[in-house]
Amino acid sequence: MESPLLPAEPMLWSGWGDPARAAELPAPVRELLTELLGVRPPAAPAATFGEVRLPPAALPQAVLAALAAVTGEEHVRADDDARIRHTRGKSTPDLLLMRAGDASDAPDAVVLPGSHEEVVEVLRLCAEHRVAVVPFGGGTSVVGGLTPARRGFAGVVALDLGRLDRLRSVDPVSMTADLEPGLRAPQAERLLAGHGLTLGHFPQSYEYATLGGFAAARSSGQASAGYGRFDDMVVGMTVATPRGTLEIGRAPKSAAGPDLRQVFLGSEGAFGVITSLRLRVHRAPAVRAYEGWRFETFAAGTAALRRLAQEGAPPTVLRLSDETETMVGLAKPTDLGTPGGDSGCLVVAGFEGAPGDVAHRREHAAALLVEAGGVHLGPEPGEKWAQGRFSAPYLRDSLLAAGATVETLETACFWSDLPRLYDAVRLALLGALRSPSGGAPLVMCHISHVYATGASLYFTVVTAQTGDPLAQWAAAKRAAGEAIVAAGGTISHHHGVGRDHLEAYAAEIGDLGGEILRGIKERLDPAGILNPGVLIPVY
Ligand SMILES: Cc1cc2nc3c(=O)[nH]c(=O)nc-3n(C[C@H](O)[C@H](O)[C@H](O)COP(=O)(O)OP(=O)(O)OC[C@H]3O[C@@H](n4cnc5c(N)ncnc54)[C@H](O)[C@@H]3O)c2cc1C
C-alpha cells in the first residue's frame, strides 16, 4: 500500500482530516439524500472557530510554571487554539458538539513532553497537584477516550505525545523496530520505508492516528488479514506511570507468567503513558494486487470469507460489504452518488508480498471463492476501493453539513453467532433511527477483519438529522449496544471502550473483571489522575 502524502497539520478542528480536502456534497447527491432519506439542511450553520465557547482555563499559574520547568515554556500551551484542538476526539457526537461551538470539555493546558523522563516528571507533578492527565496521540478516538471526568481535579492537561516522533532503531535480524508513540502512521511508514520495511497497519484514521494510540486502543487496520491487528505487532514497550517506569517484552513469547504487555494494550491511557514501542515489521511488499468479487448474498459472502480465514493463506486485505453498502457504493467511496452499478455483495481482496507468495495466495483464494459461488470482477473494484480507502471520513463531514446524521459502530463475535448478531444490530439501528414521518435510515455493514474463529462487523448509518442529532444518535447507539450484548458480541472489536462503552464493557467483563482493573489502576495510579472516567468501570 502506498503511503498517502503526509497531510497538512493540524487537523481540521471541527471535523476530519486535512482542511484542504473539506468539500461540499455535489448538488445531485444532496438532492438524492433529500429524496431518499428526507435530509434537510441543518437549522443553524456550523460555528466558526471564533465562535467556539471555551471555559476559562482552571490551572493555577504555579502548576503551569512547574510543568514549564520540565518541558520548556514553549511546550506548555494554554492558548485557545491548543485547547480547542485537544478537545475530545472525532466521533460524530464529538463533531456535532464542536460544530455547535461547544468546547466545554477542553483541557486547561496542553503539555508536550520531549522524552520519557519528561513524561515521568509531568506525571509526578500532576499527581502531586491532583491534575488529571489525558494522554493524547492523534486525537482520533471515536469512543470518548479523550474526554475525562474532571470532577475532583484541580484541572486537566492533555499530554500531547507529538514530540516523541522518532524511529529509534531497527533490528533487521529480528524484524523489529523501536518507534516512539507520537509518530503518526504515515510518518512511521515513511521512516520504515527508508529501511525497506512496513508495519502494514492502515486503519481508516491512518493519516492522523499515532502508534501510541493504536496500542492504547487496540487498533485494527484494513490489512489485518495479512499483517494482523496492531496489538499483535507489539512485542515490547516502555510505559511511564505515576509509580515509575515499566519495560515490558524481552522475547516474542514467554512462559514467564501472564503477559504484562496485555495489561497496557487497550489500556487507553488509564494505567500509564506508552513512551516507546518495539514493533514487528515486514519487508515492504514488492507486489500489490487488489481485486473485486461478487456474491449473491451477504450470507454466501460470509461463508466464503470464513473459509478463506480458516483454510490458510488468506489475502492481505479482505472485506465483504452487505447488499446495502454495495448498492450505495460506500464500499468504493469515490463512487458515492452513482449507485446501482453493482448488485449482490462486493468482496475486496488485496494481496501484498513477494511475487511468488502473492501469486500463490491469489490462486488459492480464487479457487476457493469460485467454489463458494463468487464471481470475479477483475481488478477495478479492488483498485477503486484502495484509492478511496481514506476518503470516507471526509464524506462524513460533508454529510453532517448537509443535514444527515452519519456514524459508525463495530463489534465482533464467533462465526456461528455472526448471522444473528448482524440481524440484531441492523434491526436495532433501523428501529431506533426510523424518523417520525416513517422514513427509513440507511444501515450498511461490512466485514473487514477475519480470524479463523470469527470476524468483526462494522456498521455505518446515514439518516436525516432530527432537531437534536446528539439525542438521536445516543438512542440508536444504546439500542445497538443492547443488541450486541444480547446477541453475544463484544462491545468493541477495535475502537475501544473510552467513556461511551463503559457500561457495556462493565457487563462484558463482570464485577470481578472490573475489580481487577480497579486494582491495577490503584497500584499504578494511586491518585487516579490518568484519564479519569475512561475504561475503568466504577460501581
Ligand atoms: C475517521 C476515523 C476512522 C477510524 N478508523 C479506524 C480503523 O480503521 N481502525 C481502528 O482501529 N480505529 C479506527 N479509528 C479509531 C481511532 O483512530 C483509533 O482508536 C486509534 O487507535 C486512535 O489513535 P490516536 O493516536 O488518534 O489516539 P487518541 O485518539 O489520541 O487516543 C486514543 C486513546 O489512547 C490513549 N492514548 C493515546 N496515546 C497514548 C499513549 N502513548 N500512551 C497511553 N495512552 C495513549 C488516549 O488517552 C485515548 O484514551 C478511526 C477513527 C476515526 C475518527
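These numbers come from the heavy atoms of this one structure, side chains and all, not from hydrogens, waters or symmetry mates. Each ligand, and each atom within it, is numbered from 1 in the order the structure gives.
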Notebook entry, point to check: Is the closest N or O pair between Gly139 and ligand 1 shorter than 3.5 Å?
Noted result: yes

Check: Looking only at heavy atoms, what is the nearest atom pair of Thr147 and Val534, with distance?
Finding: O-CG2, 4.4 Å

Notebook entry, point to check: What protein heavy atom sits nearest atom 24 (P) of ligand 1, and how far away is it?
Noted result: Gly138 N, 3.4 Å

Notebook entry, point to check: Do Leu418 and Ile447 come within less than 4.5 Å of each other through their side chains, counting heavy atoms only?
Noted result: yes

Check: Does ligand 1 have a heavy atom under 4.0 Å from the side chain of Leu146, from its backbone, from both, or from neither?
Finding: side chain

Checklist line | Under 4.0 Å to a heavy atom of Ser141 - the qualifying atoms of ligand 1, by number | finding: 29 (O)

Note to self: As an exercise, identify every atom of ligand 1 less than 4.0 angstrom from a heavy atom of Lys90.
What the structure shows: 53 (C)

Next item on the list: Pick, from Ala209, Ala392, Ser205, Ala270, the option with the minimum heavy-atom distance to atom 50 (C) of ligand 1.
Entry: Ser205

Checklist line | Salt bridge flag under 4.0 Å for residues Glu128 and Arg124 | finding: yes

Check: Should Arg278 and Leu179 count as side-chain neighbours, where that means a heavy-atom distance under 4.5 Å?
Finding: no

Item checked: Lys90 side chain vs Gly139 backbone, donor-acceptor pair below 3.5 Å -> no

Check: Gly89 near ligand 1, heavy-atom distance under 4.0 Å?
Finding: no

Notebook entry, point to check: Side chain, backbone, both or neither: which part of Leu161 has a heavy atom under 4.0 Å from ligand 1?
Noted result: side chain

Note to self: Using a 3.5 Å cut-off on N or O atoms only, is Trp16 in polar contact with ligand 1?
What the structure shows: no

Item checked: Step-by-step side chain to side chain donor-acceptor pair (under 3.5 Å) determination, Glu407 to Ser91 -> CA-CA 8 Å; Glu407 181 56 309; Ser91 68; 4.6 Å; no

Checklist line | Distance filter under 4.0 Å to Asn531 heavy atoms, resulting ligand 1 atoms | finding: 47 (O), 49 (O)

Notebook entry, point to check: ligand 1 and Glu268, any nitrogen or oxygen pair closer than 3.5 angstrom?
Noted result: yes

Next item on the list: For residues Leu199 and His282, determine if any side-chain heavy atom of one lies less than 4.5 Å from a side-chain heavy atom of the other.
Entry: no

Next item on the list: Determine, step by step, whether Thr245 and His116 satisfy the side chain to side chain donor-acceptor pair (under 3.5 Å) criterion, reporting the C-alpha distance in whole Å, the side-chain angles of both residues, the deciding distance to 0.1 Å, and the verdict.
Entry: CA-CA 9 Å; Thr245 295; His116 169 83; 2.7 Å; yes

Note to self: What protein heavy atom lies closest to atom 49 (O) of ligand 1? Include the residue and the distance to one decimal.
What the structure shows: Gly145 O, 2.9 Å

Notebook entry, point to check: Does an N or O from Gly213, backbone or side chain, lie closer than 3.5 Å to an N or O of ligand 1?
Noted result: yes

Note to self: For atom 30 (O) of ligand 1, tell me which residue out of Gly221, Ser448, Gly137 has the closest non-hydrogen atom.
What the structure shows: Gly137

Notebook entry, point to check: Hey, is ligand 1 close enough to Pro203 that some N/O pair sits below 3.5 Å?
Noted result: no

Next item on the list: Could you tell me whether a side-chain N or O of Asn531 sits under 3.5 Å from a main-chain N or O of Gly145, the two making a donor and an acceptor?
Entry: yes

Next item on the list: Give the numbers and elements of all ligand 1 atoms closer than 4.0 Å to a heavy atom of Val273.
Entry: 42 (N), 43 (C)

Next item on the list: Using a strict cut-off of less than 4.0 Å between a Lys/Arg side-chain nitrogen and an Asp/Glu carboxylate oxygen, indicate whether Arg21 and Glu207 qualify as a salt bridge.
Entry: yes

Next item on the list: Among all protein heavy atoms, pick out the one at the shortest distance from atom 18 (C) of ligand 1; state its residue, atom name and that distance to 0.1 Å.
Entry: Thr140 OG1, 4.1 Å

Margin query: Which residue and atom name correspond to the protein heavy atom nearest atom 45 (C) of ligand 1, and how close is it?
Written below: Ala216 CB, 3.4 Å

Margin query: Could you check whether any side-chain N or O of Arg261 sits under 3.5 Å from a backbone N or O of Val235, counting only pairs where one atom can act as donor and the other as acceptor?
Written below: yes

Margin query: Can you report which non-hydrogen protein atom sits closest to atom 25 (O) of ligand 1, along with the distance?
Written below: Thr210 OG1, 2.6 Å

Notebook entry, point to check: Do any nitrogen or oxygen atoms of Ala217 lie less than 3.5 angstrom from nitrogen or oxygen atoms of ligand 1?
Noted result: no

Note to self: With heavy-atom distances below 4.0 Å as the criterion, list the atoms of ligand 1 near Pro393.
What the structure shows: 1 (C)

Notebook entry, point to check: At a 4.0 Å cut-off, with the gap strictly under it, does some heavy atom of Gly272 reach an atom of ligand 1?
Noted result: yes

Item checked: Side-chain donor-acceptor pair present, Glu24, Ser398, cut-off under 3.5 Å -> no

Notebook entry, point to check: How about Ser104 and Arg88: do any of their side-chain heavy atoms sit closer than 4.5 Å?
Noted result: yes

Item checked: Criterion side chain to side chain donor-acceptor pair (under 3.5 Å) on Gln472 and Thr405, from CA distance to verdict -> CA-CA 8 Å; Gln472 179 192 25; Thr405 290; 2.7 Å; yes

Next item on the list: Ignoring angles and geometry beyond distance, decide whether Gln204 reaches within less than 3.5 Å of ligand 1 through its nitrogen or oxygen atoms.
Entry: yes

Item checked: Taking every non-hydrogen atom, the tightest pair across Ala240 and Val119 -> CB-CG1, 3.7 Å

Check: Do any nitrogen or oxygen atoms of Tyr208 lie less than 3.5 angstrom from nitrogen or oxygen atoms of ligand 1?
Finding: no

Item checked: Ile274, portion touching ligand 1 at heavy-atom distance under 4.0 Å -> both

Note to self: Check this for me - ligand 1, Pro135, N or O atoms closer than 3.5 angstrom, yes or no?
What the structure shows: yes

Checklist line | Ser220 heavy atom under 4.0 Å from ligand 1 | finding: yes

Notebook entry, point to check: Which heavy-atom pair separates Arg130 from Gly152 by the least distance, and what is that distance?
Noted result: NE-O, 3.1 Å

Note to self: Show the atoms of ligand 1 that are less than 4.0 angstrom away from any heavy atom in Pro181.
What the structure shows: 41 (N)

